[in-house]
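A short worksheet on the structure shown next.
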Amino acid sequence: MGARRPRTGDRRRNGRTEEGPRRIAGRRDARRAAGIAGYPVARRRAVRHIARDGSQPHRPLRPPHRRPISAAHLERLLRRAKLAGGARVLDLGCGQAPWILRALELYPEATADGVDISGDGLAAAAEDADRRGLSDRLRLHEAKAADFTAAEPYDLVLCVGATHAFGGLTETLRAVRRHLRPAGLALVGEGFWERPPGQEVLDGLGAAPDEYADLAGTVARAEGAGYAVVHAHTSTLAEWDEYEWSWTGTLTRWALDHPGPDGDAALATAREHRDLWLGGYRGVLGFVTFLLRDLR
């Protein structure tokens, strides 16, 4: 039997799914159709849209990169976790769950839970799990990451590019600890300032100067929360560029294939975001993915 596709309004408790009232879908704009739901143009944090795989009711082109990190570097981090047989893995803000699906392939005895607010993203994750033969070891939960609870702790908890769901890096690490077994591992991705941002960049991102630290300060924040940095990957400019071109290109192609008000709005969104990236935060906003060990 394949992985169950969670319906909007479903909730899972103690491993069982309860049917909630299904939301009546309203008008879906082009940003949701392109798989980037929840990212308001040029006026919120750029890192926020990294985490939001969004819904895809028309199943248009899917950007191949959901965060500015390559598949090869992702795999290196997962391999460095060196999970034991029977490990439990949790991804908070999983989107279409590419990270935990790859973890299940690397660790054949592991099981995983993915949590996200996007029912369409989770449905896509369930389809991918079916295709890859991983459905029997994957559980998907449509819920806010901050509200998720589980009866047993996990060996590895992921939260990559979704720290906004908890209010920042420090708060995220506190929340992650609630799900970890003692001395468990966390894989957490966060933005940082490659160089001090100008006011125009801050205004475009809707960010405060101290919202992110530099790389050294970001390491200090992680270790100050009671973790040791076991390893990390600092995303390269090439990874950022691939991510951003994929993001804007997917939306642009969708817009051109859907002429009319929605297509026009989508094209304006893509171009405004591209201008903010190329003329603003490119080379200013960085992204680091930590492999951390809880020091409890």
Side-chain angles (χ1 to χ4, degrees), residues 1-23 25 32 35 37-38 48 50-57 62 66-67 78 81 83 86-105 107 109-167 171-181 184-189:
M1 180 180 294
R4 186 186 184 281
R5 291 161 179 76
R7 286 173 45 188
T8 305
D10 285 5
R11 294 294 183 268
R12 287 185 181 256
R13 295 177 181 168
N14 300 322
R16 303 176 70 178
T17 301
E18 298 178 353
E19 302 281 336
R22 187 176 180 86
R23 289 197 300 261
R32 288 184 62 83
R48 174 169 296 190
I50 294 170
R52 305 299 288 274
D53 288 359
S55 61
Q56 303 180 354
R62 297 178 183 175
R66 297 297 183 176
R67 296 164 179 87
L78 289 172
L83 298 178
R88 286 168 47 83
V89 181
L90 170 67
D91 192 346
L92 297 169
C94 67
Q96 295 179 14
W99 291 70
I100 48 175
L101 291 177
R102 185 60 185 139
L104 291 176
E105 289 175 333
Y107 299 100
E109 297 179 6
T111 59
D113 290 90
V115 181
D116 203 272
I117 60 173
S118 170
D120 292 295
L122 294 175
E127 289 181 5
D128 202 7
D130 285 347
R131 180 179 60 82
R132 295 158 73 171
L134 302 171
S135 299
D136 59 335
R137 295 188 286 129
L138 177 67
R139 297 169 295 270
L140 297 170
H141 312 264
E142 186 179 347
K144 293 181 179 178
D147 295 340
F148 178 73
T149 59
E152 299 179 42
Y154 293 86
D155 300 279
L156 174 66
V157 176
L158 298 85
C159 185
V160 181
T163 58
H164 62 274
F166 300 96
E171 295 80 2
T172 296
L173 292 174
R174 290 173 183 155
V176 164
R177 177 172 284 123
R178 294 198 299 267
H179 297 290
L180 275 179
R181 65 169 177 79
L185 296 171
L187 198 57
V188 178

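The analysis underlying the following values was restricted to heavy atoms, covering all of them including side chains, and did not include hydrogens, waters or symmetry mates.
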Item checked: Contact summary for A162 and G93, nearest pair of heavy atoms -> CB-CA, 4.4 Å
Note to self: Please report the interatomic distance CG(L134) to CG(D136), rounded to the nearest 0.5 Å.
What the structure shows: 7.5 Å
Notebook entry, point to check: What closest approach, in Å, do F166 and C159 show between heavy atoms, and which atom pair accounts for it?
Noted result: CE1-SG, 3.9 Å
Note to self: Checking R178 now: which residues fulfil side-chain hydrogen bond (donor to acceptor under 3.5 Å, both in side chains) with it, not counting sequence neighbours?
What the structure shows: none
Check: Do you know which two heavy atoms are closest between A103 and L78, and how far apart they sit?
Finding: N-CD1, 4.0 Å
Notebook entry, point to check: Looking at residues at least two apart in the chain, or sitting in another chain, which of them share a side-chain hydrogen bond (donor to acceptor under 3.5 Å, both in side chains) with R177?
Noted result: D294
Notebook entry, point to check: Which salt bridge (charged side-chain N to carboxylate O under 4.0 Å, His left out) pairs, counting each pair once, include a residue from residues 90-102, with sequence neighbours left out?
Noted result: E75-R102, R102-E105
Check: What is the minimum heavy-atom distance between A125 and A97, and which atoms define it?
Finding: CB-CB, 3.7 Å
Item checked: Residue list, salt bridge (Lys or Arg N to Asp or Glu O under 4.0 Å) with D113, at least two apart or on another chain -> R139
Item checked: Partners meeting salt bridge (Lys or Arg N to Asp or Glu O under 4.0 Å) with E171 (sequence neighbours left out) -> none
Notebook entry, point to check: Does any non-hydrogen side-chain atom of L122 lie less than 4.5 Å from one of C94?
Noted result: yes
Margin query: Could you check whether any side-chain heavy atom of E142 comes within less than 4.5 Å of a side-chain heavy atom of I117, counting everything from C-beta outward?
Written below: no
Next item on the list: Just say parallel, tilted or perpendicular for the rings of H179 and Y154, cut-offs at 30° and 60°.
Entry: perpendicular
Next item on the list: Would you confirm whether R137, through its side chain, and A110, through its main-chain N or O, come within 3.5 Å as a donor-acceptor pair?
Entry: yes
Checklist line | L180 side, atom CG; R88 side, atom CZ - distance, nearest 0.5 Å | finding: 11.5 Å
Next item on the list: Of all the heavy-atom pairs spanning Q96 and L101, show the shortest one and how long it is.
Entry: O-CD1, 4.2 Å
Notebook entry, point to check: How many angstroms lie between atom CG of L185 and atom CG of L83, to the nearest 0.5 angstrom?
Noted result: 7.0 Å
Item checked: Option among V176, T111, L158, V157 that satisfies the side-chain contact (heavy atoms from CB on, under 4.5 Å) test with L90 -> V157
Note to self: Holding to salt bridge (Lys or Arg N to Asp or Glu O under 4.0 Å), I want the full list of residues that pass it with R174, two or more places apart in sequence or in another chain.
What the structure shows: none
Item checked: side-chain hydrogen bond (donor to acceptor under 3.5 Å, both in side chains) partners for R181, two or more places apart -> D155
Item checked: Sub-4.5 Å side-chain heavy-atom contact between L187 and W99 -> yes
Item checked: By side-chain contact (heavy atoms from CB on, under 4.5 Å) - contacts of A112 (at least two apart) -> V89, I100, L104, L138
